Amino acid sequence: MGDRIRQKEGLSYGVGSDLDADASRDGRDDAGSWSVQAIAAPENLEQVERAMREELARLVKDGVGAEELKDAVSGLLTQREQARASDPAVAGGWVSNLFYGRTMQFAADLDAKFRALTVESVNAAIRRHLKPEQFSVYAAGDFAAAKNKAPAKAKAAGP
């Protein structure tokens, strides 16, 4: 999404996403969420939403490739490793582990699960769980001021 919406189409100042999975003590909390956000000028909101939905549909249809998965897992493991070199992050991890009744072995096991991911298993999970049509859209901004601005006119370039 970032590549398309921010880099290629220039519709947004920034694009990001966040996945919050089950973090209950008993492993049965269905309140996980996935959010996708973009900061954009009000006149670009419809285009940004359309592009997001198209990219989510493409992800469900085409899935991720081997190189993309390799890069994602590598980045995630590096981030987790670097966090364990930070005293505040380690202290926070201990507090979290105490709350959830886990040990540091949980983190080691989770890292091993990330390393074991396959393109097939990730794409099957995407197709099973990701339902772009169920995403809600929320917009915040000064839309009154945007209405008072004249929209930019697109120019066609010719030979």
Side-chain angles (χ1 to χ4, degrees), residues 1-24 27-84 86 89 92-93 96 106-107 109-159:
M1 275 191 224
D3 186 46
R4 175 181 173 183
I5 295 169
R6 168 85 173 110
Q7 305 296 47
K8 291 180 183 170
E9 296 184 21
L11 295 172
S12 173
Y13 305 109
V15 178
S17 67
D18 181 50
L19 175 66
D20 290 318
D22 177 8
S24 63
R28 292 182 288 158
D29 179 7
D30 292 332
S33 66
W34 183 10
S35 63
V36 181
Q37 65 275 344
I39 300 171
E43 61 268 18
N44 292 338
L45 290 180
E46 287 181 24
Q47 291 172 287
V48 169
E49 180 184 347
R50 185 181 67 249
M52 284 182 166
R53 290 191 183 279
E54 287 171 2
E55 288 303 307
L56 289 169
R58 183 199 55 77
L59 178 62
V60 172
K61 179 179 174 272
D62 299 338
V64 298
E67 198 64 30
E68 185 178 10
L69 179 60
K70 179 183 167 193
D71 289 347
V73 169
S74 175
L76 180 61
L77 291 173
T78 297
Q79 179 184 21
R80 290 172 56 79
E81 182 180 313
Q82 289 174 348
R84 289 190 289 262
S86 160
S96 180
F106 178 84
D109 293 345
L110 190 55
D111 287 352
K113 288 177 182 178
F114 287 133
R115 284 187 197 90
L117 289 172
T118 65
V119 170
E120 294 77 21
S121 67
V122 169
N123 287 333
I126 288 169
R127 289 183 185 102
R128 186 171 54 252
H129 298 291
L130 180 59
K131 309 292 182 212
E133 67 278 3
Q134 294 178 359
F135 273 47
S136 299
V137 176
Y138 303 93
D142 187 355
F143 301 111
K147 283 183 183 178
N148 294 332
K149 289 170 68 175
K153 302 228 183 223
K155 293 183 181 179

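All values derive from a computational prediction rather than experimental measurement.
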CD of Gln47 to CD1 of Ile5, rounded to nearest 0.5 Å, is 10.5 Å
Answer yes or no: is there a side-chain heavy-atom contact under 4.5 Å between Arg80 and Leu110?
-> yes
Does Ile39 offer a backbone N or O that forms a donor-acceptor pair with the side chain of Ser12 under 3.5 Å?
-> yes
Not counting sequence neighbours, which residues clear salt bridge (charged side-chain N to carboxylate O under 4.0 Å, His left out) with Glu49? List them please.
-> Arg53
Can you tell me if CD on Glu81 sees more than 12 non-hydrogen neighbours from other groups inside 6.0 Å?
-> no
Close side-chain approach of Asp111 to Arg84, heavy-atom, < 4.5 Å | yes
Could you tell me whether a side-chain N or O of Asn123 sits under 3.5 Å from a main-chain N or O of Val119, the two making a donor and an acceptor?
-> yes
Pairs flagged by salt bridge (Lys or Arg N to Asp or Glu O under 4.0 Å) wherever residues 54-64 is involved - sequence neighbours left out | Arg4-Glu54, Arg4-Glu55, Arg50-Glu54, Glu55-Arg58
How far apart are the closest heavy atoms of Ala57 and Pro132, and which atoms are they?
-> N-CG, 4.1 Å
Taking atom CD of Gln79 as the centre, does the number of heavy atoms from other residues, nucleotides or ligands within less than 6.0 Å exceed 12?
-> no
Report, as yes or no, whether the 6.0 Å neighbourhood of atom OH on Tyr13 holds more than 12 heavy atoms from other residues, nucleotides or ligands.
-> no
CG of Asp20 to OG of Ser35: how many Å apart, nearest 0.5 Å?
-> 7.0 Å
Side-chain contact test, heavy atoms from C-beta onward, threshold under 4.5 Å: evaluate it for Leu130 versus Trp34 and give yes or no.
-> yes
May I ask you to check whether over 12 heavy atoms, not counting those of Glu46, lie within 6.0 Å of atom CD?
-> no
Backbone N/O of Val15 and side chain of Arg6: donor-acceptor pair under 3.5 Å | no
Please name the pair of heavy atoms, one in Lys131 and one in Arg127, separated by the smallest distance, quoted to 0.1 Å.
-> NZ-O, 3.3 Å
Considering all heavy atoms, the nearest Glu9-Ala51 contact | OE1-CB, 4.5 Å
Would you be so kind as to tabulate the donor-acceptor pairs closer than 3.5 Å made by side chains of residues 63-77, with sequence neighbours excluded?
none

Distance from Met52 atom CE to Leu11 atom CG, nearest 0.5 Å?
-> 10.0 Å
